[in-house]
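Right, one structure below, let's go through it.
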Amino acid sequence: MSWRDVKKKVKQHFSEMLEIPSDVMLDLPKIVLVGNLQIFLENHRGITEYTPELIRVAVGEGEIEITGKGLQLRNILPEEMCVEGQIKSIVFLGGKL
Amino acid sequence: MLFRIISFLTGYITIIVRGAAPERLINMASTRGIWLWSIKWVSQDKIMVNLRLSAVRPLRHIARETGCMFTVEGRFGLPFLLSRIKRRKTMLMGAFLFLFLLYMLSSFIWFVDVTGNVTIKDSEVLKEARRAGLSAGVIKWNLDTKKVELALQENLSKVSWAGVKIKGTRAVVEIVEKKLPPAADDKRPANILAAKDGLVKEILVLKGHSVVEEGQTVKKGQILISGELPAPEIEGEQGAVEDGPAPEKQPQYVHARGIVNARVWYEGYGEALLVESGIRRTGNSVSRVCIKIRNKEIILSGPENISFEQYEKDISTKRLPAWRNLSIPVEINTEQYFELKPFTEKRSLAQAREKALQSALASVKNKLPAGAKVLSQEVERIDTGTRENIVRMKVLLETLENIGVEKSFTP
């Protein structure tokens with residue numbers, strides 16, 4: 001177990017103990033889905049790929065892949081983004097998410 | 001929504017970004033706090049982005065860094081709108097002219113209405129108002145309504161009060177007329193007839209010839225004071241008649257006037273049940289507003305199911321007026337539901353009597369004219385002899401009232 005994993009474990013325990021939402025403490029993305037029409041993504045690290053069929057968003061450790069049809073970014077802010085379109089799937093890629 | 005309004009005020013543009021990695025541009029822009037929205041993929045290496053006008057300069061730096069190019073596709077918002085309007089000076093002038101004309105035209109009085117007058121003619125009032133400075137075409141701010149009111153009150157003798165109200169471009173002159181006593185110089189011959197049966201108590205003849213005497217019973221329609229004065233009989237002339245053709249005895253015709261007070265009887269009947277049962281409203285009600293489109297009803301407010309077991313329904317319908325043979329099949333119904341409940345009420349004999357008496361009196365009071373003076377009142381219970389669930393009461397009222405009615409006649 002590397003030093004990083006130990007740090008993460010401690011943080012996890014700490015957040016559970018104090019009941020702090022884990023997205024704040026652990027730097028995890030918070031995803032809100034509205035049907036298959038909208039995705040609100042908080043805590044992102046920028047997009048890495050964008051086509052109408054596929055959007056890849058970098059998050060804390062790893063990436064989120066959104067596939068669908070006619071996808072567009074409704075808005076993008078440093079911490080928050082909103083994707084609109086016909087969403088088919090959300091996949092978590094890589095990292096220790 | 002607020003973001004949209006602010007971007008409209010600051011102005012925003014749509015650009016097309018071209019480059020190998022437009023994603024990088026988006027990332028960099030968002031981390032530097034440039035707000036981008038409605039990001040659309042156009043084709044390979046080409047995306048469409050909206051951004052605020054103030055963010056264009058920073059984005060240019062970012063584009064240079066990421067090796068992207070962008071071209072402006074559309075300009076929106078207030079700054080662009082203003083610059084467009086600046087170029088169209090004539091339109092701006094037209095808009096101002098329109099506002100100016102609207103203001104000018106609405107500062108005139110276009111219509112003068114007269115209300116409240118019964119005997120005075122509209123034209124008379126309008127003429128007087130014109131003299132005081134109020135007529136169609138007058139500028140509003142030059143008009144002194146107080147002055148017009150005063151002039152109307154002073155110059156029109158039949159007016160007791162006049163008010164001038166200005167509603168937009170319409171001036172409403174409100175008139176209250178003096179109540180003058182009826183003209184006493186009505187010369188048309190008229191009789192005074194009995195309006196109803198009665199016993200004449202007193203007669204006061206102001207003009208005319210009394211036909212009935214005090215203490216006499218009269219029938220409805222009978223002449224009480226005649227407008228036909230018999231020709232004066234001059235004694236001593238009887239003898240002189242023989243000489244020539246007798247001067248024809250010409251009766252004189254007058255408009256009879258007088259007061260005939262008579263005793264009049266009225267009968268009233270009322271009944272009350274000892275045990276009364278039926279259905280009546282409890283006072284609880286529920287109202288519901290529906291919109292009806294063809295045969296479909298949609299409830300706008302109010303409960304879906306009426307919780308009352310028995311109820312009465314009151315519907316008032318509002319719909320748009322039909323034009324020619326076109327009518328809009330939409331109407332708004334306001335339904336009021338009143339709860340009903342069966343009830344039985346038992347009364348003692350005294351209570352029933354009282355109730356029957358009240359209803360009998362009420363039925364009599366309806367018939368009494370305004371000036372009638374009640375002399376006596378007799379109450380009688382109608383007893384049929386059999387035991388019944390009903391109490392019947394009869395009331396006999398004796399009143400003293402003026403039974404004379406003027407009726408003109410042609411001699």
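What's counted below: heavy atoms across the whole structure, side chains too, no hydrogens, waters or symmetry copies. Naming: A, B, ... by sequence-line order, numbering from 1 per chain.
With contacts defined as side-chain heavy-atom distances shorter than 4.5 Å, the pair Y337(B)/N284(B) does not qualify. Residues T334(B) and I315(B) have side chains not in contact (no heavy-atom distance under 4.5 Å, counting atoms from C-beta outward). Between E73(B) and I15(B), the closest side-chain pair of non-hydrogen atoms is not below 4.5 Å. Under the 4.5 Å side-chain criterion, counting only non-hydrogen atoms from C-beta, I306(B) is in contact with R288(B).
A salt bridge between R281(B) and E312(B) is present, with a side-chain N of the basic residue lying under 4.0 Å from a carboxylate O of the acidic one.
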With 3.5 angstrom as the limit, list the donor-acceptor pairs from chain B to chain A, or say none if there aren't any.
from: E23(B); atom 1: OE2; to: Y50(A); atom 2: N; distance (Å): 2.7
from: N27(B); atom 1: OD1; to: I47(A); atom 2: N; distance (Å): 2.4
from: N27(B); atom 1: ND2; to: I47(A); atom 2: O; distance (Å): 2.3
from: L36(B); atom 1: O; to: I76(A); atom 2: N; distance (Å): 3.0
from: S38(B); atom 1: N; to: L73(A); atom 2: O; distance (Å): 3.3
from: S38(B); atom 1: N; to: R74(A); atom 2: O; distance (Å): 2.7
from: I39(B); atom 1: N; to: L73(A); atom 2: O; distance (Å): 2.6
from: I39(B); atom 1: O; to: Y50(A); atom 2: OH; distance (Å): 3.1
from: I39(B); atom 1: O; to: L73(A); atom 2: N; distance (Å): 3.0
from: W41(B); atom 1: N; to: Y50(A); atom 2: OH; distance (Å): 3.1

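Only the side chain of I47(B) has a heavy atom closer than 4.5 Å to any heavy atom of chain A.
Side-chain rings of Y311(B) and F338(B) stay apart, their centers remaining 6.0 Å or farther from each other.
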